Amino acid sequence: MIMKVLLVLFAIAGCFGQDDFANLQEMLDHNVERYKLIGVDVGAFSANGEWLLRGQSGERVYHEGTTITRDKSGDPWSVGDKDMFIMGSAGKSMTSTMAARVVAQGYINWNTTTKEIFHDTGLFDVHESYWPSTLEQFLSHGSGAPGLDVVVEDYYDMVDYIFNRTSWEADFDNRPARVFLSKTLLENEVTVPQGTYLYSIGGFTVAGTMLELATGKTYEQLMMEELFLPLGMDGCGFGPTTTDPSLPPVQPWGHLGDQWGVNIAPVTPGPYANVASPMIPDGGLHCNLDSWNNYLSMHLREDEDFLPKDIWEYIHNPITQHFYGFGWMFDSSNPLIGQTLNHGGTDGHNFAQCFLIPRLGVGINIGMNNAGVMSQGSLQGVGFGKTLEWIGTHLLGKETGAELRKIAEETMYDDSLPH
């Protein structure tokens, strides 16, 4: 039935072409060149994981002063369909979904508090104002944990500490540094009362630490056992997509640029080019679009072999101020498409964005190796918006395409991590 609906939607949407491009590839090639997007991989998929639209354009590294659209198979400079992209905070829902599996197994509850996990066990003293903060609140930006401005201003010693203890070795144990981060944040008074939305920096890492203590396993082990392996997400991992600085590039490099796309600089890969490894739960995952699709489409169909029905229902509804929960921003303003789930993410020089429309059984995911989109009014931001709107229009019609662009532009600027 859903596929019949999609076919009808495709037929209707075809009447509302944006910018009059013949196909997805033509649109991508134009937008990458015109808006200095560097490299892009985009897809739209159904609940069973079938690609409805898929395409790539641009380069892994801004090369010889210009972004050249290439279509040579196997060209090491070109973005390919197996390339990996930094998820940033678009990976927050993955941390939350892993947590849901741990909750379902009875290791911890959504309402388990910092007092129970850290204070009462004698691990460290938690400020009394944080005693009521729960696992689900840390996963929903409602715990009282600080935002970026406070972290940068008041916790710079903590930021230095976690970067000095960063390692991307496969067997490296980040747990001591995560406990240190949790202690540093929780020994001080809450920034805002519990239940108040504040986009926290470190809150998901506190949640990850709670899960590590409850299970006796590292966050990385839990992600592998509860998410990556069961869902066949072999294109996902932890930290940078590569630490290899050699050319030609083995994976896309991130890029910095000005608002007009005139001055663009690649960020050379290395162990400190992205987030600190203790903060992986906040924004340190990477994926290719195929593996990301495996995860996102499973959310669309709410597979009860993966999570019980009641937990699916719980994590697909907001916890904090009726619009945020478990790594998702929820929007129900458009009655034509119903509730949408979305999230963007960046490390400052890469960007990822996903949308889910459960009523229609459709999702969209986009990976980019620049973060100019995060600068309001930037050339790259315009290009990203036009790309998203074209995809939404050709999937679901002109009004819905414009709505998806609007939602993305209204929510993306919350997302940032110290890097």
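All values derive from a computational prediction rather than experimental measurement.
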Enquirer: Would a distance-only check, ignoring hydrogens and angles, find a side-chain to backbone donor-acceptor pair under 3.5 Å from Thr320 to Ser140?
Expert: yes

Enquirer: Which heavy atom of Asp282 sits nearest to which heavy atom of Ser200, and what is that distance?
Expert: OD2-O, 4.1 Å

Enquirer: Taking NZ, NE, NH1 and NH2 as the nitrogens, is one of them in Arg54 or Asp290 under 4.0 Å from a carboxylate oxygen of the other?
Expert: yes

Enquirer: To the closest 0.5 Å, what do you measure between OG1 (Thr97) and NZ (Lys92)?
Expert: 13.5 Å

Enquirer: Mind listing the closest non-hydrogen atom pair of Leu139 and Ala207 along with its distance?
Expert: CD2-CB, 3.6 Å

Enquirer: Classify the angle between the aromatic ring planes of Tyr324 and Tyr197 as parallel (below 30°), tilted (30 to 60°) or perpendicular (above 60°).
Expert: tilted

Enquirer: Can you check whether Phe45 reaches Val362 side chain to side chain, under 4.5 Å on heavy atoms?
Expert: no

Enquirer: Checking Trp168 side chain against Pro271 main chain: does a donor-acceptor pair fall under 3.5 Å?
Expert: yes

Enquirer: Can Leu123 and Leu213 be said to form a side chain to side chain contact (heavy atoms under 4.5 Å, CB included), step by step?
Expert: CA-CA 10 Å; Leu123 187 60; Leu213 292 167; 3.7 Å; yes

Enquirer: Is the closest side-chain heavy-atom distance between Trp253 and Asn369 below 4.5 Å?
Expert: no

Enquirer: Side-chain contact test, heavy atoms from C-beta onward, threshold under 4.5 Å: evaluate it for Asn274 versus His349 and give yes or no.
Expert: yes

Enquirer: Output the distance between atom CE (Met368) and atom NE2 (His255), rounded to the nearest 0.5 Å.
Expert: 11.5 Å

Enquirer: Tell me whether Trp312 contacts the main-chain N or O of Leu307 through its side chain, where contact means a donor paired with an acceptor under 3.5 Å.
Expert: yes

Enquirer: Val382 and Tyr35: which non-hydrogen atoms are nearest, and at how many Å?
Expert: CG1-CE2, 3.8 Å

Enquirer: Return the orientation label for the Phe384 and Phe351 ring planes: parallel under 30°, perpendicular over 60°, tilted otherwise.
Expert: perpendicular

Enquirer: Just wondering, more than 12 heavy atoms not from Trp260 lying within 6.0 Å of its CH2?
Expert: no

Enquirer: Specify the closest pair of heavy atoms between Tyr62 and Ile38, including all atoms of both residues, with the distance to one decimal.
Expert: CD1-CD1, 3.5 Å

Enquirer: Inspect the surroundings of OH in Tyr156 and state if more than 12 heavy atoms from other residues, nucleotides or ligands are less than 6.0 Å away.
Expert: no

Enquirer: Atom SG in Cys287, atom CE in Met84: separation rounded to 0.5 Å?
Expert: 9.0 Å

Enquirer: Report yes if some heavy atom in the side chain of Thr205 is under 4.5 Å from a heavy atom in the side chain of Tyr219; otherwise report no.
Expert: no

Enquirer: Arg178 side chain to Pro278 main-chain N or O, any donor-acceptor pair under 3.5 Å?
Expert: yes

Enquirer: Would Glu225 and Lys217 satisfy side chain to side chain contact (heavy atoms under 4.5 Å, CB included), going step by step from the backbone distance to the final call?
Expert: CA-CA 10 Å; Glu225 294 175 6; Lys217 297 179 179 181; 2.7 Å; yes

Enquirer: We want to know whether Asp331 and Ser333 form a side-chain donor-acceptor pair, criterion being a heavy-atom distance below 3.5 angstrom.
Expert: yes

Enquirer: Are His141 and Phe204 an aromatic pair by the rule of ring centers under 6.0 Å?
Expert: yes

Enquirer: Given side chains that start at C-beta, do those of Phe118 and Val206 come closer than 4.5 Å, heavy atoms only?
Expert: yes

Enquirer: Is the distance between the ring centroids of Trp110 and Phe326 under 6.0 Å?
Expert: yes

Enquirer: Please test Val42 against Leu53 for side chain to side chain contact (heavy atoms under 4.5 Å, CB included), starting from the C-alpha separation and ending with a verdict.
Expert: CA-CA 8 Å; Val42 304; Leu53 294 171; over 6 Å; no

Enquirer: Grab the two heavy atoms, one from Ser291 and one from Asp234, that are nearest each other, plus how far apart they are.
Expert: OG-N, 3.5 Å

Enquirer: Ignoring hydrogens and angles, tell me if any N or O in the side chain of His286 forms a donor-acceptor pair with the backbone of Gly239 under 3.5 Å.
Expert: yes

Enquirer: Closer than 3.5 angstrom, by distance alone: can the side chain of Arg101 be matched with the main-chain N or O of Phe306 as a donor-acceptor pair?
Expert: yes

Enquirer: Kindly say whether Gly367 contributes a backbone atom to a donor-acceptor pair with the side chain of Asp41 at under 3.5 angstrom?
Expert: no

Enquirer: What do you reckon, is OH of Tyr107 surrounded by more than 12 foreign heavy atoms closer than 6.0 Å?
Expert: no

Enquirer: Specify whether His30 and Phe21 have parallel, tilted or perpendicular ring planes, treating 30° as the upper limit for parallel and 60° as the lower limit for perpendicular.
Expert: tilted

Enquirer: Determine whether a donor-acceptor pair (N or O, by modelled atom type, separation under 3.5 Å) exists between the side chain of Gln25 and the backbone of Gln56.
Expert: yes

Enquirer: For the pair Thr243 (side chain) and Pro269 (backbone), establish whether a donor and an acceptor sit closer than 3.5 Å, ignoring hydrogens and angles.
Expert: no

Enquirer: Supply the atom-to-atom distance Leu396 CG to Leu360 CG, rounded to the nearest 0.5 angstrom.
Expert: 6.0 Å

Enquirer: Taking all atoms of both residues into account, what is the closest heavy-atom pair of Thr346 and Ala371, and its distance?
Expert: OG1-CB, 3.4 Å

Enquirer: Kindly compute the distance separating OG1 (Thr112) from CG (Leu135), expressed to the nearest 0.5 Å.
Expert: 6.5 Å

Enquirer: Should Leu247 and Trp77 count as side-chain neighbours, where that means a heavy-atom distance under 4.5 Å?
Expert: yes

Enquirer: Within the structure provided, determine whether Leu24 and Ile391 are in side-chain contact (heavy-atom separation under 4.5 Å).
Expert: yes

Enquirer: Got a second to check how far Met279's CE is from Met158's CE, nearest 0.5 Å?
Expert: 6.5 Å

Enquirer: Check the pair Phe330 / Leu341 against side chain to side chain contact (heavy atoms under 4.5 Å, CB included), numbers first and verdict last.
Expert: CA-CA 5 Å; Phe330 296 88; Leu341 292 71; 3.6 Å; yes

Enquirer: Taking side chain as C-beta onward, heavy atoms only, is Asn174 less than 4.5 Å from Thr218?
Expert: no

Enquirer: Any donor and acceptor pair, going by atom type alone, linking the side chain of Gln380 with main-chain N or O of Lys36 inside 3.5 Å?
Expert: yes

Enquirer: Would Tyr199 and Ser89 count as a side chain to side chain donor-acceptor pair (under 3.5 Å) here? Give the steps.
Expert: CA-CA 11 Å; Tyr199 198 99; Ser89 289; 2.9 Å; yes

Enquirer: Among Leu296, Ile364, Thr340, Asn342, exactly one meets side chain to side chain contact (heavy atoms under 4.5 Å, CB included) together with Leu356. Which residue is that?
Expert: Leu296

Enquirer: Taking the basic N atoms (NZ, or NE/NH1/NH2) and the acidic carboxylate oxygens, is any pair closer than 4.0 Å for Asp83 and Arg60?
Expert: yes

